[in-house]
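Taking it in order: structure first as structure tokens, then the write-up.
This is a predicted model, so every value here is computed, not measured. In listed order, ligands and their atoms are each counted from 1.
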Amino acid sequence: MVNAFYDRDANLDILKGKTVAVIGYGIQGRAQALNLRDSGVNVVVGLRPGGESWKEAEKDGFRPLKIPDAVSRADIIMVLIPDEVQPDVYLNDIGRNLGRGKVLEFAHGFTIHFRRIEPPEGVDVVMVAPKGPGAMVRNTYLEGFGTPALVAVEKDYSGNALQIALAIAKGIGATRAGVIKTTFREETETDNFGEQVVLCGGVAELIGRAFRLLVSEGYQPEVAYFEVLHELKLIVDLIQKGGIENMWANVSNTAEYGGRTRGAKIIDEHSEENMRKILKDIRDGTFAEEWMKEYYSEMPTLRKMREQARDEQIEVVGRQLRALFVKRDGKEG
Ligand code: NAD
Ligand code: MG
């Protein structure tokens with residue numbers, strides 16, 4: 001069993017007298033900056049002047065600095081901007097303001113693991129990756145708990161990098177829930193694999209194909225939508241709460257028998273072979289290369305796919321159905 005770290009294993013005093021710069025005030029940046037500040041950590045926020053985030057941070061009582069100024073002033077720099085923009089921002093605004101003894105922190109390993117960012121000698125490189133979106137990081141903290149996280153150390157010049165990462169994890173509330181140690185490589189490869197194969201890619205394709213098949217066989221799209229999409233939430237909640245067996249235990253015997261005997265006909269050795277190819281592309285950097293190329297050419301593939309999807313029947317039906325089930329007091333049901 002892996003070793004988990006909790007509040008008692010982390011010491012916030014390590015951050016005493018230090019300044020933490022949170023770069024970016026988006027999904028993770030805002031949540032982590034607010035949690036750290038509420039934990040008594042000295043936080044500055046580093047942003048592009050004039051943007052939406054600047055106003056947002058001011059509304060929350062921060063006095064944002066330009067990114068280079070925040071980096072110069074801070075001992076610990078948390079890079080909480082989108083992965084694809086990190087390399088340029090690092091090159092222009094972060095790297096040259098990093099001195100020996102500073103700590104560079106990430107919430108995902110992509111840019112470090114794939115060498116899109118190469119920090120100088122003498123800088124500790126650590127990761128605290130919350131296993132939930134920013135709203136959850138903030139809300140669970142406000143409820144007195146936290147969101148679990150992974151921590152990792154890529155460079156440990158100070159000899160203290162793990163303790164620093166754990167202190168940050170404590171400041172954002174993660175050690176209340178529990179923190180597991182990983183490596184930049186493991187976190188990056190499994191994260192990309194998970195989102196491509198199961199969480200985002202796999203699930204979306206499974207739903208889409210099943211929906212289109214039912215509709216083409218003459219079933220009402222609204223009914224198909226409920227059966228293959230809407231109800232997924234109930235199933236996922238059961239799985240998250242108690243594992244796959246907990247899900248089987250809480251569906252009808254008909255669903256259990258049908259599911260246990262038919263599932264493997266849909267996801268079979270073929271699918272596994274494809275998963276292996278996807279993992280290989282992630283590991284050898286093919287995917288990272290392709291994604292960065294896409295980003296630097298202004299995301300033609302992604303834009304086209306987003307546009308096409310907007311008018312697909314499953315989206316149109318979904319919009320109509322959700323509007324139908326709005327609570328009559330005007331709030332969404
Ligand atoms: P995000 O998209 O919410 O980041 C938006 C912020 O980045 C804004 O403040 C914006 O002003 C700033 N920004 C965008 N482009 C910029 C640019 N070119 N120059 C300067 N600033 C720019 O990002 P996020 O989803 O919070 O992700 C941040 C990091 O956290 C990533 O490494 C991501 O992988 C990781 N992460 C995210 C989640 C999540 O819930 N979204 C979960 C775990 C880890
Ligand atoms: Mg992930």
Side-chain angles (χ1 to χ4, degrees), residues 20-36 43-60 62-71 77-97 104-114 116-117 119 125-141 146-152 154 165 168-169 172-174 177 179-180 182 184-196 199-200 282 287-288 291-292 295-296 298-299 302:
V20 174
V22 172
I23 309 302
Y25 206 71
I27 299 170
Q28 286 295 330
R30 177 171 188 268
Q32 296 197 27
L34 290 174
N35 289 5
L36 285 166
V43 178
V44 297
V45 175
L47 297 172
R48 285 177 299 187
E52 272 305 302
S53 294
W54 190 283
K55 279 179 239 152
E56 181 98 5
E58 280 184 331
K59 241 190 276 160
D60 290 334
F62 287 107
R63 263 189 290 155
L65 301 172
K66 288 186 204 156
I67 297 172
D69 298 339
V71 175
I77 297 96
M78 299 173 58
V79 184
L80 299 180
I81 54 180
D83 301 293
E84 64 276 16
V85 315
Q86 289 177 14
D88 283 348
V89 175
Y90 178 85
L91 204 65
N92 298 325
D93 292 340
I94 298 178
R96 64 188 68 163
N97 300 298
L104 203 54
E105 192 259 12
F106 295 85
H108 176 40
F110 189 88
T111 47
I112 289 291
H113 177 64
F114 289 115
R116 303 283 154 170
I117 291 179
V125 180
V126 304
M127 170 166 50
V128 179
K131 291 292 104 181
M136 184 171 158
V137 171
R138 182 59 182 157
N139 291 337
T140 53
Y141 181 90
T147 299
L150 301 177
V151 297
E154 179 80 3
I168 296 168
I172 66 171
V179 162
I180 291 171
T182 181
F184 272 63
R185 173 176 176 236
E186 183 178 64
E187 188 274 340
T188 305
E189 292 176 354
T190 54
D191 190 77
N192 286 357
F193 181 81
E195 61 207 12
Q196 290 174 25
L199 309 176
C200 309
I282 292 168
F287 170 74
W291 166 223
M292 283 296 112
Y295 171 68
Y296 283 114
E298 289 168 12
M299 310 211 267
L302 209 45

Query raised in the report: Testing Ile23, Leu104, Val79, Leu65 for side chain to side chain contact (heavy atoms under 4.5 Å, CB included) with Val71, which one passes?
Result: Ile23
Query raised in the report: So between Glu187, Gln28, His108, Met127, whose heavy atom ends up nearest atom 42 (C) of ligand 1?
Result: Gln28
Requested in this report: Could you pull out the closest heavy-atom pair between Val125 and Phe106, with the gap in Å?
Outcome: CG1-CE1, 4.1 Å
Query raised in the report: Given Gly24, Gly109, Ser53, which has its nearest heavy atom closest to atom 11 (O) of ligand 1?
Result: Ser53
Requested in this report: Test Met78 against every option in Val126, Val45, Leu36 by the side chain to side chain contact (heavy atoms under 4.5 Å, CB included) rule and name the one that passes.
Outcome: Leu36
Query raised in the report: Are Pro130 and ligand 1 in contact, using a heavy-atom cut-off of under 4.0 Å?
Result: yes
Query - Options Ile27, Ile67, Val45, ranked by nearest heavy atom to atom 41 (N) of ligand 1, top entry - result: Ile27
Query - Non-neighbouring partners of Arg48 that pass salt bridge (Lys or Arg N to Asp or Glu O under 4.0 Å), sequence neighbours left out - result: none
**Report entry** All ring-ring contact (aromatic ring centres under 6.0 Å, His included) counterparts of Tyr25, not counting sequence neighbours
**Finding:** Phe62
Query raised in the report: Would you call Gly134 a ligand 1 contact, heavy-atom distance under 4.0 Å?
Result: yes
Requested in this report: For atom CD of Glu52, decide whether the heavy atoms of other residues, nucleotides or ligands shown that lie under 6.0 angstrom number more than 12.
Outcome: no
Requested in this report: Please identify which atoms of ligand 1 are closer than 4.0 Å to at least one heavy atom of Val89.
Outcome: 17 (C), 19 (N), 20 (C)
**Report entry** Proximal atoms of ligand 1 relative to Gln86 (non-hydrogen, under 4.0 Å)
**Finding:** 32 (O)
